[in-house]
Amino acid sequence: MISIAETLLDWYARHGRHDLPWRQTRDPYRLWLAEIMLQQTQVESAKPYYARFLQALPNWQALAAAPQDQVLALWSGLGYYARARNAQRAAQEVVTGFGGHFPDTLEDAVTLPGVGRSTAAAVLASAFGQRQAILDANARRVLIRSHAIDADPKAAATQQWLWTLASALTPEDAHGYNQAIQDLGAMICTPRQPRCPNCPLASRCMAHAQGRSHALPVTVNRPPKPQRCAFFLLVADMEGRILLEKRPDFGIWGGLWCLPQAAPDGGEFAILCNDTLQPLEDTPAVRQFLQEAWSRRLRLDLQLMALEDEQQHVFTHFQLRFRCAHARVLGSAVADSAATLRWYRPADALTQGLPTPIRRILRNLGGGR
DNA sequence: CATCCGTGGCT
DNA sequence: TAGCCAAGGAT
């Protein structure tokens, strides 16, 4: 009987996505960058970012030496910004610790920030032809269905089982096989409405035999996202430049430039309780609070003007409701010299690393819509 | 080990 | 439309 690997490789040769940009190279830098960008990110979303990033920062040395703001600007809109910060740190370690060469063992590769077992394996297999098994969302789904695994996919024991399976099934040509199983997961064995009639593994897929392809992997019901709220400050100086604040290198939107924030509870994203009514209400007390909080923190004498209508932004683990507050500067418009506060002309602001909703706000400043 | 970390597309 | 999910890793 033909092995699963041979079946998949044969299918891949005829139906695989051979034209993906990162499949035109065996350069470890390019392969590694693709793996980082594709973490929790769909191929079509990553494509334009990948091309732009490589154009600007084509090798380890360029990335290692780049200003962090440039790296984050190239990542702006892709999400999970720790990937970008970790990628730069990894490049610096490759340059200084590995002589400018991506490490050629799994043990060394996973010491790089942002590089876990699956990412390391993918790079080692593709760049160096090593027999290394991956276990990403596609491979995981294929294995869970083909072996009709009912257990919670996220449980540690299941993960271990899946890694064992993946390692056992991965042939010498792991480079081809890894791409094949990923393409099968992306094109045939999709999360919803899998195309089993077109699947080369259908005849030996246990889930298919049991008529349960659509029911696997099992999903656990998520509780509703908590709601949070915030105000964003839109203030311009005499020359029409907008004040932005660089966020710290951790947490949500870490390292990105953002509009100054404030929330009713004094933090930046206030958690809403069920009994919190109208948390973003426009009242004199709220206006006074915002005006004082921002004036003090930004060392500006502000006067609050209009509050825009409420908007929303949904994150993985909470939902943000926010309003933009327009203000004018009464006192000195000389901003704090702190490196985390900067006035930007609107056009320049848009070239920076901005969170998506902030980019949307600034884009709409001039012409509406 | 559970939680944190973005965003866009799909149904 | 509201919820689900994606080429995961760090803490």
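Heavy atoms only: backbone and side chains are in, while hydrogens, waters and symmetry mates are out. The structure presented is a predicted model; accordingly, all values stated were derived computationally and were not measured. Note on naming: letters A, B, ... go to the chains in the order of the sequence lines (proteins, then strands), and numbering restarts at 1 for each one.
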Could you tell me how far apart [X] ([atom1]) and [N] ([atom2]) are, to the nearest whole angstrom?
X      : N     : atom1 : atom2 : value
A:H317 : C:dC5 : NE2   : C1'   : 17 Å
A:W163 : C:dG8 : CH2   : P     : 11 Å
A:M37  : B:dG6 : CE    : P     : 15 Å
A:F318 : B:dC5 : CZ    : P     : 7 Å
A:N86  : B:dG6 : CG    : P     : 11 Å
A:Y81  : B:dC4 : OH    : P     : 19 Å
A:L38  : B:dG8 : CG    : P     : 16 Å

Checklist entry - Any idea which of C:dG9, B:dC5, C:dG3 is nearest the A:Y80 side chain? => result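 Of all the options, the side chain of A:Y80 is nearest to B:dC5.
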Which atom pairs, donor and acceptor, lie under 3.5 Å between side-chain atoms of residues 164-172 of chain A and protein residues at least two apart or in another chain?
unit_1: A:T164; atom_1: OG1; unit_2: A:Q160; atom_2: O; d: 2.9
unit_1: A:S167; atom_1: OG; unit_2: A:W163; atom_2: O; d: 2.9
unit_1: A:T170; atom_1: OG1; unit_2: A:A166; atom_2: O; d: 2.6

Next on the checklist: Tell me whether A:K154 at atom NZ has more than 12 heavy atoms from other residues, nucleotides or ligands lying less than 6.0 Å away.
Outcome noted: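 No, not enclosed.
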Checklist entry - Want to settle it: does A:G114 or A:Q42 sit nearer the 5' end of DNA chain C, counting the closest nucleotide to each? => result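 Its nearest nucleotide being more 5', the pick is A:Q42.
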Next on the checklist: I want to confirm an ordering. Mapping A:V115 and A:E35 to their closest nucleotides on DNA chain C, which one lands closer to the 5' end?
Outcome noted: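 The residue closer to the strand's 5' end, by nearest nucleotide, is A:E35.
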Checklist entry - Under the 3.5 Å rule, do the base of B:dG6 and the side chain of A:T356 count as making a donor-acceptor pair? => result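 Side chain to base: no pair below 3.5 Å.
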Checklist entry - Does a side-chain N or O from A:T119 land closer than 4.0 Å to OP1 or OP2 of C:dG9, or not? => result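 The answer is yes; a side-chain N or O of A:T119 sits under 4.0 Å from OP1 or OP2.
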Checklist entry - Can you list, by residue number, the residues of residues 11-23 of chain A that have a non-hydrogen atom closer than 4.0 angstrom to DNA chain C? => result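 Heavy-atom cutoff 4.0 Å gives A:R17, A:L20, A:W22, A:R23.
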Next on the checklist: Please give me every residue in residues 122-150 of chain A whose heavy atoms get under 4.0 Å of an atom in DNA chain C, ordered by residue number.
Outcome noted: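 Heavy-atom cutoff 4.0 Å gives A:D136, A:A137, A:N138, A:R141.
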Checklist entry - For atom P, what is the distance between C:dC4 and B:dT3, given to the nearest Å? => result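 Result for the P pair: 16 Å, nearest Å.
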